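Have a look at the structure below before the remarks.
Within every chain, numbering begins at 1; the chains are lettered A, B, ... in the order of the sequence lines, protein sequences first and strands thereafter. Since this is a predicted model, take the numbers as computed values, not measurements.
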Amino acid sequence: DAGVTQSPTHLIKTRGQHVTLRCSPISGHKSVSWYQQVLGQGPQFIFQYYEKEERGRGNFPDRFSARQFPNYSSELNVNALLLGDSALYLCASSPSRVSTDTQYFGPGTRLTVL
Amino acid sequence: GEDVEQSLFLSVREGDSSVINCTYTDSSSTYLYWYKQEPGAGLQLLTYIFSNMDMKQDQRLTVLLNKKDKHLSLRIADTQTGDSAIYFCAEGAYNTDKLIFGTGTRLQVFP
């Protein structure tokens, strides 16, 4: 069975540009969460989507937005990129909003902002 | 408040036990997790413990939880070179997938 997949694997952008990152959850999983992991730190929660609705939001500016599609895949959009947005962006999926041992992470998208 | 702290580095000899420690502050946390991250990779869930438990054992892994001190530890028995990675503890609440991660502990295993 395929795990959580993310695309692209690597991305280089310049300041001021926008970026769209994509995530496909494990088949049957309806919840998708996004995390930002800056080098040398733990992941920071950005968003959770469940059944196509935003269910949780972390302390990130409005430049960050996301959506979930009917097939439960998700996109994370970041506008007006800053150097500090350079990070590994991780997507995690789980069957429901309430998760214990079944939250699975993808390999991440490494974004570099120059 | 939400804050999870870990020591940054741990170095052990192959075959010895490793103990990675974590402290958290949110007393409403329902589940506490340990994740492993290898270089260039995503996060792999190793184990978790419910907040009303004191201990959980899973093969070479033992998790101890001291709720009074808000202290969580992960013991890896017979540590192998393949265990070299960054280990994150994380806390979560019952009604959300949001996880609060620690800063990570880099485990280095030498022969």
Side-chain angles (χ1 to χ4, degrees), chain A residues 3-7 9-10 21 23 25-26 29-51 53-60 66 68 72 74 87-110, chain B residues 1-9 20-26 28-53 56 58 61 63 65 72 85-106:
Chain A
V4 177
T5 58
Q6 293 185 243
S7 63
T9 55
H10 296 84
L21 310 181
C23 171
I26 291 172
H29 286 193
K30 298 180 179 180
S31 176
V32 170
S33 297
W34 287 95
Y35 290 80
Q36 179 196 64
Q37 185 179 18
V38 174
L39 192 63
Q41 298 182 18
Q44 299 289 316
F45 174 78
I46 310 176
F47 286 111
Q48 182 202 6
Y49 275 77
Y50 177 71
E51 291 281 17
E53 292 188 10
E54 182 182 307
R55 301 290 186 168
R57 186 184 183 110
N59 188 24
F60 280 81
Q68 188 177 32
Y72 303 112
S74 178
L88 180 67
Y89 288 85
L90 296 164
C91 172
S93 80
S94 61
S96 65
R97 285 187 67 188
V98 178
S99 177
T100 59
D101 59 342
T102 53
Q103 185 163 181
Y104 298 95
F105 281 80
T109 293
R110 185 162 298 282
Chain B
E2 302 174 337
D3 198 11
V4 180
E5 295 186 355
Q6 301 177 238
S7 53
L8 291 180
F9 298 101
I20 302 171
N21 296 301
C22 169
T23 57
Y24 62 99
T25 56
D26 190 352
S28 66
S29 295
T30 307
Y31 297 98
L32 294 139
Y33 303 83
W34 284 103
Y35 282 86
K36 175 183 180 182
Q37 187 175 39
E38 297 182 82
L43 298 171
Q44 174 192 354
L45 177 65
L46 291 177
T47 187
Y48 68 96
I49 188 168
F50 189 51
S51 59
N52 68 353
M53 298 169 63
K56 180 178 181 180
D58 184 1
L61 306 179
V63 179
L65 175 59
L72 181 73
I86 300 176
Y87 290 79
F88 292 94
C89 65
E91 56 179 343
Y94 177 73
N95 62 350
T96 176
D97 271 355
K98 177 182 178 182
L99 297 175
I100 308 299
F101 284 87
T103 51
T105 299
R106 182 179 295 276

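- Only the side chain of L88(A) has a heavy atom closer than 4.5 Å to any heavy atom of chain B.
- With a threshold of 4.5 angstrom between heavy atoms, Q37(A) approaches chain B through side-chain atoms but not through N, CA, C or O.
- Classified by interplanar angle (parallel below 30°, tilted 30° to 60°, perpendicular above 60°), the ring pair Y31(B)/Y48(B) is perpendicular.
- For the atom pair CG (L72(B)) and CG (N21(B)), the distance works out to 8.5 Å, reported to the nearest 0.5 Å.
- Neither the backbone nor the side chain of Q44(B) comes within less than 4.5 Å of any heavy atom in chain A.
- Among the candidates P43(A), S33(A), G108(A), G42(A), the residue making the largest number of heavy-atom pairs closer than 4.5 Å to chain B is P43(A).
- Classification of the F101(B)-F88(B) ring pair by plane angle, with boundaries at 30° and 60°, yields perpendicular.
- I49(B) contributes atom CD1, which lies 11.5 Å from atom CG of D58(B) (distance to the nearest 0.5 angstrom).
- Rounded to the nearest 0.5 Å, atoms CZ (R106(B)) and CD1 (I20(B)) are 12.0 Å apart.
- The part of Y35(A) that comes within reach of chain B is its side chain, from C-beta onward, which places non-hydrogen atoms under 4.5 angstrom from that chain.
- With chain A as partner, the option from T103(B), T47(B), L99(B) having the largest number of non-hydrogen pairs under 4.5 angstrom is L99(B).
- Among the candidates P107(A), G40(A), C91(A), the residue making the largest number of heavy-atom pairs closer than 4.5 Å to chain B is P107(A).
- Rounded to the nearest 0.5 angstrom, Q48(A) CD and E53(A) CD are separated by 11.5 Å.
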